[in-house]
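This report concerns only the one structure given below.
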Amino acid sequence: MVKVTILGAGVTGLTIASQLPADYKVTIVGKHFPDDPNDFDYASHWAGACWVGVPKSSAHDRKLQLDSYAGLWNIASEHDDAGLRISEVTEIMEFGSPDDIWFKSHIHGFRYLRPEELPEPATWGMTYKSIIISPPVFLKWLNTRLDARGVEFKRMIVQDLNDLKDLGHDILINASGASSKHLLGVADQTLIPCRLQSLVIQKDWDKGFIYRGKDGYYFNIFGRPDGTCYVGGFKDFGVDDRNVYDDQRQTILTRGHTVLPEVITSDQPKDHKILYDIATSYWLRPQEYGGARIEMEVVGGQKVIHAYGQEAGGFTYSFGMARAAGQLVAEYAPKLPVSSHL
Ligand SMILES: Cc1cc2nc3c(=O)[nH]c(=O)nc-3n(C[C@H](O)[C@H](O)[C@H](O)COP(=O)(O)OP(=O)(O)OC[C@H]3O[C@@H](n4cnc5c(N)ncnc54)[C@H](O)[C@@H]3O)c2cc1C
């Protein structure tokens with residue numbers, strides 16, 4: 001039997017497990033699992049989350065994003081309990097070019113906004129159907145289904161990919177997210193953090209909205225299927241500061257109340273039921289260093305498939321990375337000794 005170990009039980013590791021053949025022996029190893037209390041080192045718990053296409057992506061990253069869009073879309077269409085919902089998302093822009101939107105003919109319900117739909121001083125905008133996710137619900141849903149399929153979950157903290165050798169797998173998949181920066185055997189110094197300060201409020205709303213202004217003016221809100229809204233406003237590349245700043249919280253609400261007053265009806269924190277208020281980071285590999293890393297490497301004698309560094313985030317790339325990892329496993333499995341297939 002082909003044995004695969006996946007290091008990481010975030011959205012990357014869980015979706016990869018979902019794409020491996022049912023007759024493989026799959027073990028997911030990690031420090032954090034979906035049922036655990038929230039921890040800042042488990043990025044998947046904190047995500048918005050929405051599929052948001054990245055305008056200037058390489059052909060490689062475009063495919064990963066589109067495969068993920070299709071995977072998330074299918075689950076949202078077929079499973080009411082998965083924590084996903086197909087939603088209308090609107091993006092308003094004060095910079096950039098509509099010509100950079102390579103995904104416009106690949107996703108559902110896309111159109112550019114008409115000039116009369118744009119608030120001042122926006123120069124262009126677009127609306128399309130995307131998938132908005134309640135991460136805690138989706139992660140648990142994946143966990144339960146994998147468990148039912150016989151995937152084994154093993155809690156373990158590793159310092160080095162070599163620590164996993166004794167598990168006796170044929171292939172190891174590294175889906176350790178931010179840890180790939182320091183984990184021995186990977187130590188990818190091209191990874192950079194993206195700090196996000198955001199709030200989650202109790203509010204039923206079924207759309208998504210992003211405003212990208214000049215000089216770093218940013219606001220986003222995703223109405224999640226669990227009756228909460230993720231509200232963000234600070235996105236700092238290269239920064240990993242986990243302090244929550246009162247002035248940033250206030251700015252997020254002021255921006256929201258300015259650009260979307262029908263939803264953010266007040267700029268005062270006391271007028272919202274704030275469930276949590278955080279600043280945390282996820283780590284990505286910039287496009288100039290190759291973008292999302294999905295490739296095979298032999299590390300200390302182990303056949304390792306790396307799967308990390310997704311730019312817009314692990315949900316936007318989830319099933320794309322998972323499919324690509326599954327294809328690498330399928331390419332490699334026939335080369336394994338005959339005994340691996342018994
Ligand atoms: C506030 C916020 C909002 C976001 N919004 C979005 C969004 O709207 N859309 C989107 O696509 N993305 C979004 N993201 C990004 C997204 O959350 C991450 O890209 C994604 O969750 C990364 O998933 P992952 O599975 O690769 O890593 P993680 O979720 O961090 O999981 C890593 C796994 O590896 C395990 N692990 C790591 N190191 C070790 C070790 N040494 N030993 C044992 N186990 C280890 C961990 O325990 C965990 O199980 C957002 C992120 C944040 C912080």
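Ligands are counted one by one from 1 in listed order, and the atoms in each one are counted from 1 as well. Note that the structure is a prediction, hence the values are computed from the model and not measured.
Contact annotation: the side chain of Thr280 never approaches that of Leu196 to less than 4.5 Å [non-hydrogen atoms, C-beta and beyond]. In this structure the side chain of Gln327 never reaches within 4.5 angstrom of the side chain of Val329, judged on heavy atoms.
Residue contact check: Val158 has heavy atoms under 4.0 Å from atoms 40 (C), 41 (N), 42 (N), 43 (C) of ligand 1. Atoms of ligand 1 found under 4.0 Å from any heavy atom of Gly313, numbered from 1 in the order shown, are 10 (C), 11 (O), 12 (N), 15 (C), 19 (O). In summary, the atoms of ligand 1 found under 4.0 Å from a heavy atom of Phe222, numbered by their order in the structure, are 8 (O). Using a 4.0 Å cut-off to heavy atoms of Ala9, the atoms of ligand 1 that qualify are 33 (C), 48 (C), 49 (O). Close approach of ligand 1 to Thr280 is summarised as follows: ligand atoms under 4.0 Å from at least one heavy atom of the residue are 53 (C).
Neither Ile210 nor Val263 shares a network with the other; the hydrophobic side chains, linked directly or stepwise wherever heavy atoms of I, L, V, M, F, W or Y lie under 4.5 Å apart, form separate groups for each.
Side chains of Thr27 and Thr5: a donor-acceptor N/O pair is absent below 3.5 angstrom, by distance only. Between the side chains of Gln250 and Thr254, a donor-acceptor pair is found at a separation under 3.5 Å. A donor-acceptor pair shorter than 3.5 Å cannot be found between the side chains of Gln202 and His272.
No part of Val29 comes within 4.0 Å of ligand 1, judged by heavy-atom distances. Counting heavy atoms under 4.0 Å from ligand 1, residue Ala312 touches it through the backbone alone. Of the heavy atoms in Tyr317, none comes closer than 4.0 Å to ligand 1. Looking at Gln159 against ligand 1, nothing comes within 4.0 Å, counting heavy atoms. Counting heavy atoms closer than 4.0 Å to ligand 1, residue Leu196 contributes side-chain atoms (C-beta onward) but none from N, CA, C or O. Contacts between Phe33 and ligand 1, counted as non-hydrogen atom pairs separated by less than 4.0 Å, are absent for every part of the residue.
Scanning the protein heavy atoms around atom 24 (P) of ligand 1, the nearest turns out to be Thr12 OG1, 3.3 Å. From the protein, the heavy atom lying nearest to atom 22 (C) of ligand 1 is Ser44 OG, 4.0 Å.
Proximity of Tyr308 to ligand 1 is not established, as no heavy-atom distance is less than 4.0 Å. Not a single heavy atom of Trp51 sits closer than 4.0 Å to an atom of ligand 1. Heavy atoms of Asp41 approach ligand 1 to within less than 4.0 angstrom.
The option from Gln65, His32, Lys181 that lies nearest to atom 47 (O) of ligand 1, judged by heavy atoms, is His32.
Of the possible donor and acceptor atoms, one in the side chain of Tyr282 sits under 3.5 Å from a partner among the backbone N and O of Glu311.
A distance of 6.0 Å or more separates the ring centres of Phe103 and His106.
The shortest N/O to N/O separation between Gln310 and ligand 1 does not fall below 3.5 Å. Considering backbone and side-chain atoms alike, Thr316 places an N or O below 3.5 Å from some N or O of ligand 1.
Taking the ring axis of Tyr128 as reference, the NZ or CZ atom of Arg111 does not stay both within 45° of it and closer than 6.0 Å to the ring centre.
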- Message: I'd like to know whether Trp73 forms a side chain to side chain contact (heavy atoms under 4.5 Å, CB included) with Lys129, so could you lay out the CA-CA distance, the side-chain angles of the two residues, the decisive distance to 0.1 Å, and finally the verdict.
- Response: CA-CA 10 Å; Trp73 183 278; Lys129 296 271 191 211; 3.8 Å; yes
